[in-house]
Amino acid sequence: MIQGKNPIYLRISGNSMPSERIHTYLYVDAKFWHSKKQRVSENCQEHIDLNLILMNIESKLTQIQTFYRLAELTLTPKILRAEYEDKLSRVNFVAFFKAAIPEQKMKVGEDRLERYGTILKKLQDYQPVIPFKDMDLKWIEKFKIHLRDNLKNSDTTIASNIAILKKFLGIAKKEGVKINFDLDELIVGSTKGNRTYLLANELQKCLNYYFSEFIAPNNRLILGYFLFSCMNGLRISNVQALTRSQLMSNDFSLILVKGNRDKNMILNKTARKILDHESLLFQKKFADQHLNDEIKKIMRTLGINKKVTFHVARHTFATLFLKAGGKIEMLQMLLGHSTISQTMIYVHIVQAEANEEMYLLDDLFTIKAVN
């Protein structure tokens, strides 16, 4: 009871089964409660707001009951309560997705779980309640457009997001939820994408510019963060979390933002030179988007015609590490990948580049046709 007001409870009963009582967290003076109409009387100053909330509660319950009836599923007071509290949602895909994520913990790594959480947030921001009955191929296409136009996601990121939605729709289907379209008709697209990275000579060009006398101070600072990551493969989130005091010695520890794991690393000589050359590195920070915008401008200045973002530094480190003779198992540890399959993409990149070099032999010989 709050200041003389009584709580409003929702009571669910049916078919001689134990009833369930749910607290609505609404309160009203008993004299303003119309028991026959199950509404707050007009004499109450807050009757409009309270009655609107009660109508929404009824609407949600009706939606759940309708779904179970059309799907020919048994609905008990206990199940209805779980559905209402979004603990067992067979109506709202967002609630189902949220509830299903913890169940995947034993099946996938921390990186994948974090990705599920990211997609859940995208769904919640886009449409907090997504009834299964409304989800079809047209809805998927609209969501793709939102990811591309509003969130500026790349094609590979969109494909990866849709692949995970398809996975969780498949889980729902196995649990008896009716999906209104054939999941096989949902074409995901390629999730591999192109791993843009800098060649050794392009990275050298960036280093020369960084250590030159004519570089603007702001450019030097931003390029310094990028080059530091090129030397160790750290994600932008981990670079942003580091402080200069952590980097006073050549070995340092950090908590990986992605995966929440402890990691010990050392600074190679080049990373130390980059750090020592700019005193504001890891003291003055910039927003992620600003870093990416300025890095693109710097690359244009240097005549590097690639789509370069901060994440390219991580790809650059990985590919150059392997080309320098580093072992794939060591690279997995350095990148913090939970599985070797995540790291193997860089092996394929190096192999593809090596295959292109096969044509160099053609320039050594001239073969005359013989009639």
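Index from 1, following the sequence. Side chains included, hydrogens not; waters and symmetry mates left out as well; all remaining heavy atoms used.
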Which pair of non-hydrogen atoms, one from [X] and one from [Y], has the smallest distance, and what is that distance?
X      : Y      : value
Leu335 : Arg314 : O-NH2, 2.8 Å
Met231 : Ala271 : CB-CB, 3.9 Å
Leu320 : Ala200 : CD2-N, 4.1 Å
Phe96  : Phe168 : CE2-O, 3.6 Å
Arg39  : Asn51  : CD-OD1, 3.3 Å
Ala163 : Val188 : CB-CG1, 3.6 Å

Measure the spacing between [atom1] of [X] and [atom2] of [Y] and express it to the nearest 0.5 Å.
X      : Y      : atom1 : atom2 : answer
Glu294 : Asn292 : CD    : CG    : 10.5 Å
Lys167 : Leu183 : NZ    : CG    : 14.0 Å
Leu137 : Phe181 : CG    : CZ    : 5.5 Å
Asn250 : Arg272 : CG    : CZ    : 4.5 Å
Leu169 : Lys174 : CG    : NZ    : 12.5 Å
Ile12  : Ser19  : CD1   : OG    : 9.0 Å

Angle between ring planes, Phe97 versus Tyr116, binned at 30° and 60°: parallel, tilted or perpendicular?
perpendicular
Whether His311 and His315 hold their rings parallel, tilted or perpendicular, with breakpoints at 30° and 60°:
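Ring orientation, 0 to 90° scale: perpendicular.
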Under 3.5 Å, is there a donor-acceptor pair between the side chain of [X] and the main chain of [Y]?
X      : Y      : value
Arg244 : Leu275 : yes
Thr62  : Glu58  : yes
Asn153 : Arg148 : no
Thr319 : Thr316 : yes
Asn161 : Thr157 : yes
Asp134 : Ile130 : no
Asn180 : Lys133 : yes
Lys285 : Phe282 : no
Thr24  : Tyr9   : no
Lys296 : Thr309 : no

Can you list the residues that meet the side chain to side chain donor-acceptor pair (under 3.5 Å) rule with Asn150, with sequence neighbours excluded?
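Residues passing side chain to side chain donor-acceptor pair (under 3.5 Å) with Asn150: His146.
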Are [X] and [Y] close enough for a salt bridge, meaning some N to O gap below 4.0 Å?
X      : Y      : answer
Lys5   : Glu46  : yes
Lys297 : Asp293 : no
Lys144 : Glu141 : yes

Side chain proximity check, [X] to [Y], heavy atoms < 4.5 angstrom:
X      : Y      : answer
Asn6   : Val28  : no
Glu20  : Ser13  : no
Phe228 : Asn232 : yes
Met344 : Ile328 : yes
Arg81  : Thr76  : no
Lys78  : Pro18  : no

Indicate if [X] and [Y] have the same hydrophobic cluster label, given that clusters are the connected sets of ILVMFWY residues with side-chain heavy-atom separations under 4.5 angstrom.
X      : Y      : result
Ile266 : Leu281 : no
Val177 : Trp139 : yes
Leu75  : Ile57  : yes
Met333 : Val347 : yes
Ile145 : Ile140 : no

Does a sphere of radius 6.0 Å around CD in Gln38 hold more than 12 heavy atoms from other residues, nucleotides or ligands, not counting ones at 6.0 Å or beyond?
yes
I'd like to know whether CG of Asp149 has more than 12 heavy-atom contacts from other residues, nucleotides or ligands below 6.0 angstrom.
yes
How far apart are the C-alpha atoms of His277 and Arg220, what are their side-chain angles, what is the distance that settles it, and do they pass the side-chain contact (heavy atoms from CB on, under 4.5 Å) test?
CA-CA 9 Å; His277 188 66; Arg220 181 171 59 244; 3.7 Å; yes
Quick one: do His290 and Ile222 satisfy side-chain contact (heavy atoms from CB on, under 4.5 Å)? Show the steps, please.
CA-CA 9 Å; His290 181 71; Ile222 287 174; 3.9 Å; yes
Contacts under 3.5 angstrom, residues 201-214 side chains, donor-acceptor by atom type, not counting sequence neighbours:
{"from": "Glu202", "atom 1": "OE1", "to": "Leu199", "atom 2": "N", "distance (Å)": "2.8"}
{"from": "Glu202", "atom 1": "OE1", "to": "Lys306", "atom 2": "NZ", "distance (Å)": "2.8"}
{"from": "Gln204", "atom 1": "NE2", "to": "Asn208", "atom 2": "OD1", "distance (Å)": "2.9"}
{"from": "Lys205", "atom 1": "NZ", "to": "Leu302", "atom 2": "O", "distance (Å)": "3.4"}
{"from": "Asn208", "atom 1": "ND2", "to": "Gln204", "atom 2": "O", "distance (Å)": "3.4"}
{"from": "Tyr209", "atom 1": "OH", "to": "Asn219", "atom 2": "ND2", "distance (Å)": "3.4"}
{"from": "Tyr210", "atom 1": "OH", "to": "Ile274", "atom 2": "O", "distance (Å)": "2.7"}
{"from": "Ser212", "atom 1": "OG", "to": "Tyr209", "atom 2": "O", "distance (Å)": "2.7"}

Going by the ring-ring contact (aromatic ring centres under 6.0 Å, His included) test, which pairs reach into residues 28-56, not counting sequence neighbours?
none
Determine whether Asn264 and Asp251 satisfy the following criterion, side-chain contact (heavy atoms from CB on, under 4.5 Å), listing intermediate values before the conclusion.
CA-CA 7 Å; Asn264 294 316; Asp251 60 288; over 6 Å; no
Among Leu242, Ile295, Val239, whose side chain to side chain contact (heavy atoms under 4.5 Å, CB included) with Tyr225 holds?
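It is Val239; the other options fail the test.
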Show your working on side-chain contact (heavy atoms from CB on, under 4.5 Å) between Val94 and Val129 and close with a plain yes or no.
CA-CA 6 Å; Val94 175; Val129 177; over 6 Å; no
Qualifying residue, where the test is side-chain hydrogen bond (donor to acceptor under 3.5 Å, both in side chains) with Asp125 and the options are Gln127, Lys121, Lys122:
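So, applying the side-chain hydrogen bond (donor to acceptor under 3.5 Å, both in side chains) to Asp125 and each of Gln127, Lys121, Lys122, only Lys121 qualifies.
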